[in-house]
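Report on the following structure.
Heavy-atom basis, side chains included; hydrogens, waters and symmetry copies ignored. Counting from 1, the numbers follow the sequence of the chain as shown. Remember, predicted model here, so these are calculated numbers, not experimental data.
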Amino acid sequence: MEEQNRIEEYDAVVVGAGHAGCEAALALARLSVKTVLFTVSVDSIAMMPCNPNIGGTSKGHLVREVDALGGEMGKNIDRTFIQSKMLNKSKGPAVHSLRAQADKRDYTQSMRRVLEQEENISIRQGEITDILTEDGALAGVRTNTGTVYKCRVCVLCTGTYLNARCITGNCSVNSGPNGLQPATHLTDSLKKLGIDMRRFKTGTPARMDGNTIDYSKMEPQYGDEEIVPFSFTNKPEDIQREQVKCWLTYTNEMTHKIIMDNLDRSPLYSGYIKGTGPRYCPSIEDKVVRFSDKNRHQVFIEPEGNYTNEMYVGGMSSSLPEDVQQKMYATVPGLENARIVRNAYAIEYDCINSLELLPSLELKKVKGLYSAGQSNGSSGYEEAAAQGLIAGINAARKIQGKEPVIIDRSQGYIGVLIDDLVTKGTNEPYRMMTSRAEYRLLLRQDNADERLTPIGYEVGLISEERYHQFQKKLRQIDEETERVKNTYVGNTEKVQSLLSRYKSTPLVSGISLAELVKRPELSYDILSEIDSERPPLSKEVRDEVNIHLKYEGYIKRQMKQVEQFYKLEKKKIPKEIDYSAIGSLRLEAIQKLTDIQPESVGQAARISGVSPSDISVLLVYLEQYSHRSNSETGDMNR
């Protein structure tokens, strides 16, 4: 007798419980969508298989934006960090970025508790093998045991698990990260649906027994005394705690010689690894080859948590054979006698060509199917969480019959990330960087809530109470900024004394406090002793007032650039446009525009291979197309 497949029904299925899957599932559930979250191992929820930290340059911006929209990552790292530091403090506020060392076990367990407490989430351990469709739209998924889960939307957050294999030297194991089972069937199902797949590679360094490391040969790295929370819902005083130390050491010429002498044994250079690796997070053998002029590279020794001696060797990921790894690491000061707990390895995996996606992260070829995170060709926990949140929001809105939420490039790093992926595509694991954001003075980590919390509130992920607190903060910033602009001081002895102390030009006549704040050597807080009317305000508000005043001219200039950006973004391209029928468009532009199907002229202008002259031709055509359409409409009305 033929066995009947069991059938269950949910509104939504999320495949994968990494950082993208957690945010997607939580967004769906919190928007009242009945969701089942699949993972190959329940113990791997929100796992950190590589670096034990959240944030960093530009990535910290993403985490704060996720929080501003109502996501969970910022809250979770605030609960579980063991060291926190604001990077780039010597530079301008546009590149300030939070980075926190996590207790990996606590981070995973804390996120799992959050998921388990959401009433609309069911967690299931199992492998999804098939995407089921009807008439080009999602119908459900099938597990490796044959059970069918009917659903209205599905978010793929498969990370590095699709046909994954871990490689150390000539040893290759079909495995996901940390020895977990790979997903070996889903790629074939996606290919049958006509979805173009890529093969990428990433890697991780060795973990060392901390008891065997000589820290006296390394430079200690401390966290900030005054901790800045990732989540806007937390106050600094609420998350202050004792922090652990990290350590800095360096490779040297002996390290590099061992690597070069064994380069023929590196699967990266022997051709054994086929996947494309990350340009901006290269393995140590890649660094040594590409930067042969450098005689040393930084190595960060970072604790994996409070309850383990394992130390992460940041900056030395590798796929070299085990014996070479042992020799290589032993040349690093402090690691001479260190014992390896886990070997470094490379991991190859399948991912979707991100040009298959709409800006909503829905796949063009399957309605109701979304994808987020490393399954889209990005790298990093933070990039994954950002995409997961947006995919979850938009999957929920599809069920609700609402328009998708699209964060544009002028609104957030999330917008830059997704627009780069769906418009330009990527031939290597994509990593967020501040240099990718053309409006980065407006997209600071400190004002993520000002930019995105109204969107999170409109979507339904920000509570009334939180939104009222946010509005109160905005009022305080605006009122205090205006007060400072209209408060004047003269050349009194008290004022001149303060200016002299900070080596600032003395006053000849009266001046507003706002003009003094703009001086590089002064700040809003420094001027407090000559500002008798100053109200008591939180540090968060004071910092915003300082930035608004100090960088007012630059901010206004960038706002004008954004206005120009919106002019092209507002020029929508009708879906029925036949680019091959547009005279004077170059063949490459026709192919790229037809493949990507941009939603606006602005998006079309960012497509690689579409030139400014192509955009001029397109604008003329759209103007003529609009006149024809209006004319035909007029004829029909008559």
Where the side chain of Asp408 meets the backbone of Gln411, is there a donor-acceptor pair that is under 3.5 Å apart?
yes
So, does Lys365 use its side chain to make a donor-acceptor pair with the main chain of Gly194 at under 3.5 Å?
yes
Less than 4.0 angstrom from a charged side-chain N to a carboxylate O is my criterion; do Asp420 and Arg606 meet it?
no
Quick one: does Thr168's side chain get under 4.5 Å of Gln325's, heavy atoms only?
yes
Hydrogens and angles aside, do Gln603 and Thr423 bring a side-chain donor and acceptor to less than 3.5 Å of each other?
yes
Distance in Å, Lys367 NZ paired with Lys398 NZ, rounded so as to fall on 0.5 Å steps
7.0 Å
Taking all non-hydrogen atoms of both residues, which atom of Ala372 and which atom of Val155 are closest, and how far apart?
CB-CG1, 4.5 Å
Would Glu569 and Arg409 pass as an ion pair if we require N to O under 4.0 Å?
no
Tyr430 side chain reached by Leu417 side chain, heavy atoms, under 4.5 Å:
yes
Looking only at heavy atoms, which two atoms of Phe81 and Ile239 are closest? And how far apart?
CZ-O, 3.3 Å
Any idea which heavy atoms bring Met73 and Tyr381 closest together, and the distance?
CE-O, 3.6 Å
State whether the number of non-hydrogen atoms from other residues, nucleotides or ligands found under 6.0 Å of Lys192 atom NZ is greater than 12.
no
Has the side chain of Glu65 got a donor or acceptor atom that lies under 3.5 Å from a matching backbone atom of Tyr413?
yes
Which pair of non-hydrogen atoms, one from Val459 and one from Leu31, has the smallest distance, and what is that distance?
O-CD2, 3.4 Å
Any non-hydrogen side-chain atom of Asn120 less than 4.5 Å from a side-chain atom of Leu28?
no
Contact check, side chains of Leu355 and Asp595, non-hydrogen atoms, under 4.5 Å:
no
dist Thr158:OG1 -> Glu127:CD (nearest 0.5 Å) comes out at 11.0 Å
I need the Asn76 CG to Tyr107 OH distance, nearest 0.5 Å.
5.0 Å
Any side-chain heavy-atom pair from Thr35 and Tyr10 closer than 4.5 angstrom?
no
Compute whether any side-chain donor of one residue and acceptor of the other, for Ser110 and Arg79, lie under 3.5 angstrom apart.
yes
Taking C-beta and beyond as the side chain, do Ile45 and Ile123 meet within less than 4.5 Å on heavy atoms?
yes
Going through the distances and angles, do Ser231 and Asp67 end up as a side-chain hydrogen bond (donor to acceptor under 3.5 Å, both in side chains)?
CA-CA 6 Å; Ser231 176; Asp67 183 77; 2.8 Å; yes
Whether the Ser371 and Asn376 side chains hold a donor-acceptor pair (N or O, under 3.5 Å, no angle test) is what I'd like checked.
yes
Any ion pair linking Glu8 and Arg124 (charged N to carboxylate O, less than 4.0 Å)?
yes
Contacts under 3.5 angstrom, residues 54-63 side chains, donor-acceptor by atom type, not counting sequence neighbours:
unit_1, atom_1, unit_2, atom_2, d
Ser58, OG, Met432, O, 2.8
Ser58, OG, Met433, N, 3.4
Lys59, NZ, Glu382, OE1, 3.4
Lys59, NZ, Glu383, OE1, 2.9
Lys59, NZ, Glu383, OE2, 3.0
His61, ND1, Ser97, OG, 3.3
His61, NE2, Ala94, O, 3.2

Hey, mind stepping through Phe200 and Tyr349 against side-chain contact (heavy atoms from CB on, under 4.5 Å) and telling me if it holds?
CA-CA 6 Å; Phe200 280 179; Tyr349 56 96; 3.6 Å; yes
So does Gly368 get a backbone contact from the side chain of Glu362, meaning a donor-acceptor N/O pair under 3.5 Å?
yes
Any donor-acceptor pair under 3.5 Å linking the side chain of Arg64 with the backbone of Phe232?
no
Can Tyr312 and Cys50 be said to form a side-chain contact (heavy atoms from CB on, under 4.5 Å), step by step?
CA-CA 9 Å; Tyr312 178 86; Cys50 194; 3.3 Å; yes
So, the side chain of Lys104 versus the backbone of Pro52: is there a donor-acceptor pair under 3.5 Å, distance only?
no
Residue Glu322 excluded, over 12 heavy atoms near CD under 6.0 Å
no
Distance col, row Met111:CE vs His19:NE2, nearest 0.5 angstrom, shows 7.5 Å
Roughly how far apart are Leu358 CG and Tyr370 OH, rounded to 0.5 Å?
8.5 Å
Glu464 and Tyr457 side chains, donor-acceptor separation under 3.5 Å:
yes
Going by heavy atoms in the side chains, are Ile573 and Leu593 under 4.5 Å from each other?
no
For the salt bridge (Lys or Arg N to Asp or Glu O under 4.0 Å) test, which of Arg207, Arg342, Arg105 pairs with Glu310?
Arg342
Tightest non-hydrogen contact, residues Val14 and Cys157, listed as CG1-SG, 4.2 Å
With side-chain contact (heavy atoms from CB on, under 4.5 Å) as the criterion, how do Asn394 and Leu361 come out once you've worked through the C-alpha distance, each side chain's angles and the decisive distance to 0.1 Å?
CA-CA 8 Å; Asn394 287 332; Leu361 296 180; 5.7 Å; no
What distance separates Asp209 CG from Ile340 CD1, expressed to the nearest 0.5 Å?
11.5 Å
Take atom NZ in Lys191; do more than 12 heavy atoms of anything else shown fall under 6.0 Å from it?
no
Take Leu461 and Leu69 through the side-chain contact (heavy atoms from CB on, under 4.5 Å) test and state the conclusion after the steps.
CA-CA 7 Å; Leu461 292 178; Leu69 285 166; 5.7 Å; no
Check: Ile131 main-chain N/O paired with Ser189 side-chain donor or acceptor under 3.5 Å:
yes
In terms of relative ring orientation, are Tyr149 and Phe38 parallel, tilted or perpendicular, with 30° and 60° separating the classes?
perpendicular
With a 4.0 Å cut-off, would you call Asp350 and Arg199 a salt bridge?
yes
For Thr594, is there any backbone N or O sitting under 3.5 Å from a side-chain donor or acceptor partner on Gln597?
yes
Hey, is the main chain of Thr426 close enough, under 3.5 Å, to the side chain of Arg198 for a donor-acceptor pair?
yes
May I ask you to test the Met197-Leu162 pair for a side-chain heavy-atom distance under 4.5 Å?
yes
Scanning both residues in full, the closest heavy-atom pair of Leu37 with Gly21 reads CD1-O, 4.0 Å
Using modelled atom types only, decide if a donor and an acceptor are shared between the side chain of Asp130 and the backbone of Arg142 within a distance under 3.5 Å.
no
With a 6.0 Å cut-off (strictly less than), is the heavy-atom count around NZ of Lys150, excluding the residue itself, greater than 12?
no
